[in-house]
Amino acid sequence: MSSLTFHWFLPTYGDSRHVVGGGHGVPTGSAGGERPATLGYLTQIARAAEDLGFDGALTPTGAWCEDAWLTTAMLARETERLKFLVAFRPGIVAPTLAAQMAATFQRHSGGRLLLNVVTGGESHEQRAYGDFLDKDDRYARTGEFLEIVKELWDGKTVDFTGEQLRVAGARLARVPDPVPPVYFGGSSPAAGEVAARAADVYLTWGEPPAEVERKIAWIRELAGRAGRRVRFGIRLHVITRDTAEAAWAEAQRLLDGFGPEAIRAVQAGLARSESEGQRRMLALHGGRTDGLEIAPNLWAGIGLVRGGAGTALVGSHTEVAERIVEYQRLGIEEFILSGHPHVEEAYWFGEGVLPVLRDAGLWRHPAARTDDSPAAAQVPFAAGVGR
């Protein structure tokens, strides 16, 4: 059984002991000022993630946060092994420049770049950056963008004329080594087609297992038609404690901090979203504050005040590990996680859940020696999980 991969999250909009809003056109909440996203604070999170055994860290993109490219370029000097999953939007950066930026990042970071390509689901936010295409045209452009970039990374001279993009005589002086994998998500038919043709890792937000299973089957079929194989990842928040009671008490504490007016304002903003994935997130809770455990240990409360990923795994360390194995059995290989605040929650997960998975033979610290594999006698956990 292959080792699972875990990534953490860099809150480049600020952090707090409460949930910080933002995303999909919703401004960050006032909590963003409690722990400003200084380079010093983000370095604390990055170093904690690296020490605990996370493989990489996702950095978001949008008008509501700091620029992901610049922030991670600075943090690369403050870390040694941690990779950076940089989110960016194809409509804002030209394909040749983006390919060049990726190559430069790889050289100066020692090959620690991962790319999260975000088409952009909110037209009003895209227009603020000078992008006036509608959603379907944005997806078409993303497909063309990735075709150009991948040919440049292959060392080719590219002449391309598409519906949205055109380049002539494009070539990189130096190609990236290694070529960064492309992470891509989306729930619409147009997104599925792009993922099948160009994604290395297809990402889904944390929906219940049955819904995730259907998504995986959908993308596998599309990728198979294109003669490709795609890996799968999931984006979730986590609240894990020594006991289930303590974890759910923490979830309730966060929920108690959501004022009714804040919930109504955020939900009204997110209801205007053009994103199919965001629509699916909203449907999980319907704006209600009751009945938020939508599947065992899967809590939809985060999505009441935050755009994008809106669900959290909540429970004891063993319970959270069981849910992770449940998703793994569906085909999920990579987990992109976060929690509020991000320093403390990284330690709760890293010191609580990762050892359980390690002892089951499902995870190994990226810095571990080859002879550090767990004993075969520890594997029975995996066989008993999820029954």
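The basis for the numbers below is simple: all heavy atoms, side chains too, and nothing from hydrogens, waters or symmetry mates.
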Can you give the donor-acceptor pairs under 3.5 Å from side chains of residues 179-193 to other protein atoms, not counting sequence neighbours?
{"residue": "Tyr183", "atom": "OH", "partner": "Glu334", "partner atom": "OE1", "Å": "2.8"}
{"residue": "Tyr183", "atom": "OH", "partner": "Glu334", "partner atom": "OE2", "Å": "3.3"}
{"residue": "Ser187", "atom": "OG", "partner": "Lys215", "partner atom": "NZ", "Å": "2.8"}
{"residue": "Ser188", "atom": "OG", "partner": "Ala191", "partner atom": "N", "Å": "3.2"}

Point to revise | Thr119 vs Thr142, side chain to side chain donor-acceptor pair (under 3.5 Å): CA-CA, chis, key distance, verdict | key: CA-CA 6 Å; Thr119 295; Thr142 297; 3.0 Å; yes
Residues 286-296 side chain polar contacts: donor-acceptor under 3.5 Å, at least two apart:
{"residue": "Arg288", "atom": "NH1", "partner": "His285", "partner atom": "O", "Å": "3.4"}
{"residue": "Glu293", "atom": "OE2", "partner": "Asn297", "partner atom": "N", "Å": "2.9"}

**Study point:** Short N-O contact, Glu344 and Arg35, less than 4.0 angstrom
**Key:** yes
**Study point:** Test: Arg280 and Glu211 ion pair at under 4.0 Å
**Key:** yes
Review point. Should we count CZ of Arg77 as having more than 12 external heavy atoms under 6.0 Å?
Key: no
Check your understanding: Are Arg231 and Asp200 within salt-bridge range, i.e. N to O under 4.0 Å?
Key -> no
Please output the side-chain donor-acceptor pairs of residues 251-263 that fall under 3.5 Å, not counting sequence neighbours, one pair per line with the distance.
{"residue": "Gln252", "atom": "NE2", "partner": "Asp256", "partner atom": "OD1", "Å": "2.8"}
{"residue": "Arg253", "atom": "NE", "partner": "Glu250", "partner atom": "OE1", "Å": "3.1"}
{"residue": "Arg253", "atom": "NE", "partner": "Glu250", "partner atom": "OE2", "Å": "3.4"}
{"residue": "Arg253", "atom": "NH1", "partner": "Arg17", "partner atom": "O", "Å": "3.3"}
{"residue": "Arg253", "atom": "NH2", "partner": "Arg17", "partner atom": "O", "Å": "2.5"}
{"residue": "Arg253", "atom": "NH2", "partner": "Glu250", "partner atom": "OE2", "Å": "2.8"}
{"residue": "Glu261", "atom": "OE2", "partner": "Arg264", "partner atom": "NH2", "Å": "2.2"}

Check your understanding: With sequence neighbours left out, what residues match Arg127 under side chain to side chain donor-acceptor pair (under 3.5 Å)?
Key -> none
Point to revise | side-chain hydrogen bond (donor to acceptor under 3.5 Å, both in side chains) contacts in which one or both residues fall within residues 145-162, not counting sequence neighbours | key: Thr157-Arg171
Check your understanding: Do NZ/NE/NH1/NH2 and the carboxylate oxygens of Arg107 and Asp177 come within less than 4.0 Å?
Key -> no
**Study point:** By side chain to side chain contact (heavy atoms under 4.5 Å, CB included) - contacts of Glu345 (at least two apart)
**Key:** Trp8, Arg241, Trp348
Review point. Ring centroid separation for Phe335 and His7, is it under 6.0 angstrom?
Key: no
Exercise for review: Give a yes/no verdict on a cation-pi contact between Arg235 and Phe9, requiring under 6.0 Å between NZ or CZ and the six-membered ring centre and an angle within 45° of the axis.
Suggested key: yes
